[in-house]
Amino acid sequence: MDQSDVAGDLADILLTEEQLGTRLDDMAAQIDADYAGKDLLLVGVLKGAVMVMADLSRRLHHPVSMDWMAVSSYGSGTKSSGVVRILKDLDTDLSGRNVLIAEDIIDSGLTLSWLVQNLRSRGPQSVEIATMLRKPDAAKVDVDVKYVGFDIPNEFVVGYGLDYAEKYRNLPFIGTLAPHVYS
């Protein structure tokens, strides 16, 4: 899928495939340095983080374990419902593990704050966060994020795992969704 397939649905291309790849290279290099000689468990947050986790993990230069968790505070709209639900829990015991949460985007921070607290209660050695996108202007709680790909404006974005009503996830770039699509 490319831009021509959804041209009428997008207002703008915010980040290109090349920009995303370059930033992931930088993030992976820092993660490699920070976790050198340490066991690392990547925890992907479904469904949006699939692209980020896959591409980030392939750029790392030491073995990592992976697991997936699905939590939701969204319905089919563009705003958080405020209620966090676990849709799929981890299969891995976190006791004594170094956990790195891979996220696609941080909006309000409410869901991620809840998730970090939940994972820390399971006895890991550490819990850190890597996210491709963060919207500082949308933050409602302060979440300590160790690795940030890009800070972006508070606009509704799709692509690279991000969706609107389960569409647009497979775009290789990040685009701003045109308001007529979700109005």
Side-chain angles (χ1 to χ4, degrees), residues 1-31 42-61 64 66-88 100-112 115 129-140 143 145 147-183:
M1 184 175 236
D2 62 31
Q3 184 177 354
S4 66
D5 295 318
V6 294
D9 296 349
L10 299 178
D12 192 20
I13 303 298
L14 192 59
L15 296 164
T16 66
E17 185 174 4
E18 293 77 22
Q19 288 173 300
L20 295 170
T22 299
R23 186 64 188 118
L24 280 169
D25 289 339
D26 295 341
M27 291 170 67
Q30 187 61 55
I31 292 166
L42 294 179
V43 171
V45 181
L46 293 171
K47 299 176 188 173
V50 169
M51 307 296 187
V52 174
M53 183 139 146
D55 289 347
L56 179 63
S57 68
R58 287 189 295 245
R59 286 169 163 81
L60 295 173
H61 291 281
V64 295
M66 294 185 210
D67 202 347
W68 295 93
M69 189 168 193
V71 297
S72 177
S73 64
Y74 285 84
S76 61
T78 61
K79 302 286 183 200
S80 172
S81 69
V83 176
V84 179
R85 297 180 304 138
I86 295 178
L87 304 176
K88 185 233 176 274
L100 180 60
I101 301 169
E103 265 285 26
D104 53 350
I105 191 167
I106 301 172
D107 284 301
S108 69
L110 293 169
T111 302
L112 189 56
L115 179 60
I129 302 162
T131 188
M132 179 51 66
L133 305 172
R134 177 175 61 183
K135 294 181 180 178
D137 293 340
K140 293 185 178 175
V143 179
V145 182
Y147 311 99
V148 177
F150 298 94
D151 282 332
I152 64 168
N154 190 13
E155 298 177 22
F156 197 81
V157 292
V158 294
Y160 200 66
L162 298 159
D163 76 301
Y164 171 68
E166 294 300 324
K167 296 178 183 176
Y168 311 104
R169 287 189 196 278
N170 58 329
L171 291 170
F173 55 83
I174 305 289
T176 305
L177 195 60
H180 77 270
V181 175
Y182 57 89
S183 300

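What you see is a predicted model; the values in this text were computed from it and never measured.
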Heavy-atom nearest pair, Leu60 first then Ala28, reads CD2-O, 3.6 Å
Side chain to side chain donor-acceptor pair (under 3.5 Å) filter on Asp25, not counting sequence neighbours, yields Arg59
Next on the checklist: I want to check something: taking the side chain as every heavy atom from C-beta on, are Val181 and Tyr168 in contact at a cut-off of under 4.5 Å?
Outcome noted: yes
Rounded to the nearest 0.5 angstrom, the CG-CD1 distance for Leu100 and Ile129 is 9.0 Å
Worksheet entry | Leu56 vs Ile31 side-chain heavy atoms within contact, under 4.5 Å | yes
Test item: Arg23 side-chain N/O and Val148 main-chain N/O as donor-acceptor pair under 3.5 Å: yes
Rounded to the nearest 0.5 Å, the CG atom of Asp107 sits from the CG atom of Leu112 at a distance of 10.5 Å
Q: For the pair Phe156 and Tyr182, name the ring-plane relationship: parallel under 30°, tilted 30 to 60°, perpendicular over 60°.
A: tilted
Q) Do the side chains of Leu162 and Leu133 get nearer than 4.5 Å, heavy atoms only? A) yes
Exercise for review: Indicate yes or no: at least one non-hydrogen side-chain atom of Leu110 is less than 4.5 angstrom from one of Val84.
Suggested key: no
**Item:** Side-chain H-bond candidate by donor/acceptor type, Asp55 with Tyr160, under 3.5 Å
**Value:** yes
_Could you tell me if the side chain of Leu87 sits less than 4.5 Å from the side chain of Leu46, heavy atoms only?_
no
Closest non-hydrogen atoms of Trp68 and Val50, given as atom of the first, atom of the second and distance, are CH2-CA, 3.8 Å
Taking every heavy atom of Val52 against every heavy atom of Asp104, the minimum-distance pair comes out as CG2-CA, 4.1 Å
- Message: With side chain to side chain contact (heavy atoms under 4.5 Å, CB included) as the criterion, how do Val158 and Val6 come out once you've worked through the C-alpha distance, each side chain's angles and the decisive distance to 0.1 Å?
- Response: CA-CA 11 Å; Val158 294; Val6 294; over 6 Å; no
Here the pair of heavy atoms bringing Val45 nearest to Leu115 is CG2-CD2, 3.7 Å
Looking only at heavy atoms, the pair that brings Ala102 and Met53 closest together is CB-SD, 3.9 Å
Q.
Is it the case that atom NZ in Lys47 sees more than 12 heavy atoms from other parts of the structure closer than 6.0 Å?
A. no
inquiry  = Test side chain to side chain contact (heavy atoms under 4.5 Å, CB included) on Asp5 and Leu171; report intermediate values, then the result.
reply    = CA-CA 9 Å; Asp5 295 318; Leu171 291 170; 5.9 Å; no
To the nearest 0.5 Å, atom CG of Leu24 lies from atom CD of Gln19 at 12.0 Å
dist Asp9:CG -> His180:NE2 (nearest 0.5 Å) comes out at 5.5 Å
Looking only at heavy atoms, the pair that brings Met27 and Ala130 closest together is CE-CB, 4.2 Å
One should read off an interatomic distance between Arg169 CZ and Asp163 CG, to the nearest 0.5 angstrom, of 3.5 Å
Distance col, row Met69:CE vs Lys88:NZ, nearest 0.5 angstrom, shows 8.5 Å
